Amino acid sequence: MAGASLDELFSRVLRARIFQNREILRPDYIPDSLPHRERQVYKLASVLAPAIKGARPSNVFIYGVTGSGKTAVTKYVLKRLVEESSKLGILVGYAYVNCKYNDTNYRVIAELCDALNASIPFTGLSTAEAYRRFVKALDERGGTFFVVLDEVDALVKKSGDETLYKLTRINMELYNSRVAVIGITNDLKFTEYLDARVRSSLGEEELVFPPYNAAELEDILRDRASKAFYPGVLDQGVIPLCAALAAKEHGDARRALDLLRVAGEIAEREESNKVLEEHVKKAQREIERDRVVEVLKTMPLHSKLLIISLHLLRKKDINKVATGEVYNVYCDLSKKLGLEPLTQRRISDLISELDMLGIINAKVVSKGRYGRTRIVNLNVPEKNIYDAFSNDERLLSIL
DNA sequence: CGTCCACAGGAATGACGGGCGG
DNA sequence: CCGCCCGTCATTCCTGTGGACG
């Protein structure tokens, strides 16, 4: 019986001819061509090109909303540059650090050392010592080295611009090698946070990536889909729908590609031989759900309690709550679980964090002489909260 | 027009756990 | 192994503030 159903399963999988190569739709895939980014590719390449002569290129600052191709263009140009220079026997390398996940000075430097195969422990050293080792490793290696700091605004907002400052002056400490910094940010007002010296040296060259519009997203999707899917499996409305949905999300190409890929996966699961518009709609719900549940699951306990507090308030039809009210509910919950509540100051920070993650909306509002507070409301469907917390009995007991 | 609420959010400081050099 | 220094999380104390009310 089981054997028969497995046979059936395997033959179904074999018959399902949706994806030719789904890797092409993954967000970290670097395509051979970047439609509608020719100008940016050319500009960036011309700024970085001196590296193939062994000269130090200018530092570059790249602006653009998420999914506007900043990372793809940067990696693409660097990849080509490294290939070209190795043909010429010139040493060019780069380190790519996403500062959203490495948002302390120490972790950034640790990542940079990693890229040079000079690994350092993830804690225990002073930042100054970590930096010293990085400089040493660099100079022993020689050549030109690009430091790509993606989402660099996250680093500066959390930990200041000290590392950035050091990196822009690092060439004075190097004898055999050169460093150029490529800063990437989606925050257009970001430079306001920077020290003037850092601003001017990092901004030697600036590059702006406008968001894609729906038509451009369609081109990108068609380009990739032609290699990712078998011919004819996409219903004609699928690509325009993905493009339109992503265009609403400030023209996010990553979102568009995710939608297309997940829609394909859903079609495959449902054993459909075509990807239909309804699969795209399902994909959109699934992507959002997965993202939220994943974030909720990995949150620290007190942030979870905060979410549950907001959830309980919402159940009572109270959607827009001031910080003080949430805090009261949260304190009750903590005590019910026998936990010492965190202070309001700390909760204030947690609220900011959750806001940045998009789990809640928090907006500073002045209610005149009735004070100034943040109005918070929860952004997560009830079902997702249960999904995320269902493996913790303590949390379930208060839900 | 000044007051004053209810917090926001900065600064200083402490507790904790981890790696380092000796 | 020990004492030391570090990053991180959390607390304490603090100053700042938009705008309705009087």
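Chain A is the first sequence line, chain B the second, and so forth, proteins listed ahead of strands; every chain is numbered from 1. Every value quoted in this text rests on a predicted model; they were computed, and no experiment measured them.
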* Asked: Taking atom P of C:dT8 as reference, at what distance in whole Å does atom CD of A:E353 sit?
  -> 13 Å
* In whole angstrom, what separates A:Q344's CD from C:dC14's C1'? -> 14 Å
* To do: Before giving the answer on side chain to side chain contact (heavy atoms under 4.5 Å, CB included), spell out for A:F229 and A:R22 the whole-Å C-alpha distance, their side-chain angles and the decisive distance to 0.1 Å.
  => CA-CA 7 Å; A:F229 291 98; A:R22 89 180 64 192; over 6 Å; no
* Between B:dG9 and A:S348, is there an OP1 or OP2 to side-chain N/O distance shorter than 4.0 Å? -> no
* To do: Mark yes when over 12 heavy atoms from residues, nucleotides or ligands other than A:E340 sit less than 6.0 Å from its CD; otherwise mark no.
  => no
* Asked: Can you check whether A:R141 reaches A:L91 side chain to side chain, under 4.5 Å on heavy atoms?
  -> yes
* Could you check A:K367 against A:R374 and say which one's nearest nucleotide on DNA chain B is further toward the 5' end? => A:K367
* To do: Output yes when at least one side-chain N/O atom of A:T323 is less than 4.0 Å from OP1 or OP2 of B:dA6, else no.
  => no
* Answer yes or no: is there an ion pair linking A:E23 with A:R26, defined by an N-O contact shorter than 4.0 Å? => yes
* Taking only the side-chain heavy atoms of A:S366 (C-beta and beyond), determine which of C:dG19, B:dA8, B:dC7 contains the nearest atom. => C:dG19
* Check side chain to side chain donor-acceptor pair (under 3.5 Å) between A:E277 and all other residues, then give those that pass, not counting sequence neighbours. => none
* To the nearest Å, how far apart are A:L350 CG and B:dC7 P? -> 16 Å
* Asked: For A:D349 and B:dC7, what is the distance between atoms CG and C1' respectively, to the nearest whole Å?
  -> 13 Å
* Asked: Is any N or O donor-acceptor pair between the side chain of A:R345 and the base of B:dG10 shorter than 3.5 Å?
  -> yes
* **Residue A:R346, side-chain atoms from C-beta onward, closest of C:dC21, C:dC9, B:dG9** => C:dC9
* Using the benzene-type ring in the case of Trp, are the ring centres of A:F61 and A:Y63 under 6.0 Å apart? -> yes
* Give the rounded distance in Å between these two atoms: CD1 of A:I109 and C1' of C:dC6. => 13 Å
* To do: To the nearest Å, give me how far apart CD1 (A:I351) and C1' (B:dC7) are.
  => 11 Å
* Measure from the side-chain heavy atoms of A:R133 and tell me the nearest of B:dA8, B:dG21, C:dT11. => B:dG21
* Side chain of A:R369 only, please: which of C:dG22, B:dG9, B:dA8 is the nearest? => C:dG22
* Of the nucleotides C:dT11, B:dC7, C:dG7, which has the atom closest to the A:T343 side chain? -> C:dT11
* Structure fact -> Taken to the nearest whole Å, CD/A:E340 to P/B:dA15 is 16 Å
* **A:R261 to A:F19, cation-pi by 6.0 Å centre distance and 45° axis angle** => no
* Rounded off to whole Å, could you give me the NZ-to-P distance for the A:K363 and B:dC7 pair? => 18 Å
* Give, ordered by number, those residues of residues 295-314 of chain A having at least one heavy-atom distance below 4.0 Å to an atom of DNA chain C; if nothing qualifies, reply none. => none
